[in-house]
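Below you'll find the structure, written out as structure tokens, and then a few comments.
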Amino acid sequence: MQKVWTATELEYAFLFTLRKVNSIGLEGFKPFFSSMPLDPYIKGNYRSRRLSRFTVSGNQLIKLPHGVFFQSKEYNRLAGDIKREFAELDDALIELDIFKNLVLAFSDSCKFHPEAEIGVHQIRISCSPENFGNPAPEGIHQDGTDFIGIFSVDRENIQGGETHLYTAKKEKPVFSKILNPGELLLVNDHEFFHYANPIKPQTEAQGNWDVFVLTSPSLLSE
């Protein structure tokens, strides 16, 4: 259930927004989440991840050279001050029109200049009855970028994973919602902290939450 406190909704409406991207058929994304490498920088073996960076030229994406991801400890207390390297997104995924539409939706919504770098994190959070999945092991945080887009691709046999936005870590959230497949949450990272609750399976089988997280700047360097 969406909860947006009335007094805050008006004040911060231009700083975050939730939209449904109707031009994207989600089924085309799903095969690319089934064989992803595990994220080696967190414990628990429940997060898989790929990462690439792009610029937008007109209606086209330009893929940039492989880079190293870096956040300071100020923003990531678990993996900050570490140069992290992830596998690139699959070339066949990048060639899909639905992928281009997603990146363009993010770029157009945030009104980026043509040289702006966009990082695209492809993430699967898995869970089982013995091992819950934690989308945000660093807790309530900012990423250290300008804008963030969180796009939900699929929620398979899971409960939880509600996304929250905060104006300060010790305040109540001003936005709380489970992001349904096809929804894109756009956030000004300078103004809000974000967090997502852990997920657990609805049945005894494994559960998965598949998302793309887009950021600009990309926080990647060669």
Side-chain angles (χ1 to χ4, degrees), residues 12 14-19 36 39-44 46-56 64 66-89 102-103 105-107 109-113 115-125 133-153 161-171 173-177 179 183-199 209-222:
Y12 291 104
F14 66 101
L15 296 178
F16 71 86
T17 185
L18 178 70
R19 56 177 294 198
M36 290 179 57
D39 184 338
Y41 301 99
I42 61 167
K43 298 177 180 178
Y46 60 82
R47 183 163 75 183
S48 303
R49 191 170 192 167
R50 292 181 180 270
L51 170 60
S52 293
R53 57 181 177 149
F54 305 84
T55 56
V56 174
L64 300 178
H66 182 73
V68 176
F69 183 54
F70 184 84
Q71 292 173 299
S72 71
K73 281 265 189 198
E74 176 186 357
Y75 293 105
N76 191 321
R77 60 185 178 85
L78 293 182
D81 294 343
I82 298 172
K83 292 181 178 180
R84 289 183 282 170
E85 194 165 3
F86 297 100
E88 296 279 336
L89 272 61
L102 171 60
V103 180
F106 178 60
S107 177
S109 298
C110 298
K111 298 182 174 18
F112 293 142
H113 59 81
E115 296 81 23
E117 277 194 18
I118 298 171
V120 181
H121 301 249
Q122 181 187 10
I123 298 172
R124 165 169 280 190
I125 306 294
N134 190 354
E138 60 271 64
I140 299 171
H141 66 285
Q142 292 169 301
D143 283 353
T145 187
D146 291 338
F147 290 97
I148 302 168
I150 305 170
F151 182 73
S152 181
V153 174
E162 190 174 45
T163 298
H164 307 278
L165 300 180
Y166 309 79
T167 56
K169 285 187 176 182
K170 295 185 179 180
E171 299 291 332
V174 297
F175 173 93
S176 296
K177 187 181 186 302
L179 300 182
E183 290 184 331
L184 173 64
L185 176 63
L186 301 159
V187 184
N188 183 325
D189 191 55
H190 294 287
E191 300 293 337
F192 294 96
F193 295 82
H194 59 277
Y195 176 71
N197 291 345
I199 60 171
W209 185 21
D210 295 337
V211 300
F212 288 107
V213 176
L214 304 93
T215 71
S216 186
S218 68
L219 304 180
L220 288 158
S221 60
E222 294 178 41

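Quick note: numbers below take in every heavy atom, side chains included, and nothing from hydrogens, waters or symmetry partners. Keep in mind the model is a prediction, meaning the values are calculated, not measured.
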Contact summary for [X] and [Y], nearest pair of heavy atoms:
X    : Y    : value
H66  : E85  : NE2-OE2, 2.7 Å
F86  : P40  : CE2-CD, 4.4 Å
D143 : Q71  : O-NE2, 3.0 Å
L185 : T163 : CD2-CG2, 3.8 Å
G161 : W209 : O-CH2, 3.5 Å
I199 : P135 : N-CD, 4.5 Å

Would you give the length of the straight line joining atom [atom1] of [X] to atom [atom2] of [Y], rounded to the nearest 0.5 angstrom?
X    : Y    : atom1 : atom2 : result
H113 : K111 : NE2   : NZ    : 14.5 Å
Y166 : Q142 : OH    : CD    : 13.0 Å
L165 : F192 : CG    : CZ    : 6.5 Å
L220 : L64  : CG    : CG    : 9.0 Å

Donor-acceptor pair, side chain of [X] and main chain of [Y], under 3.5 angstrom:
X    : Y    : result
S52  : L89  : yes
N134 : P198 : no
H190 : N188 : no
D189 : T145 : yes

**Request:** Applying ring pair (Phe, Tyr, Trp, His ring centres under 6.0 Å), name anything that partners F54, two or more places apart in sequence or on another chain.
**Result:** F99
**Message:** Among residues at least two apart in sequence or on other chains, which ones pass salt bridge (charged side-chain N to carboxylate O under 4.0 Å, His left out) with E222?
**Reply:** R53
**Request:** In sequence, state the C-alpha distance, the side-chain angles, and the governing distance for S152 and E183, and then conclude on side-chain hydrogen bond (donor to acceptor under 3.5 Å, both in side chains).
**Result:** CA-CA 6 Å; S152 181; E183 290 184 331; over 6 Å; no
Heavy-atom side-chain contact between [X] and [Y] under 4.5 Å:
X    : Y    : value
R50  : F212 : no
F16  : V174 : yes
F106 : I118 : yes
R49  : R84  : yes
I125 : Y46  : yes
F112 : F147 : yes
H121 : F69  : yes

**Stepwise side-chain hydrogen bond (donor to acceptor under 3.5 Å, both in side chains) test for H164 and H194** = CA-CA 6 Å; H164 307 278; H194 59 277; over 6 Å; no
**Asked** Could you walk me through whether I123 and D39 pass the side-chain contact (heavy atoms from CB on, under 4.5 Å) check?
**Response** CA-CA 9 Å; I123 298 172; D39 184 338; over 6 Å; no
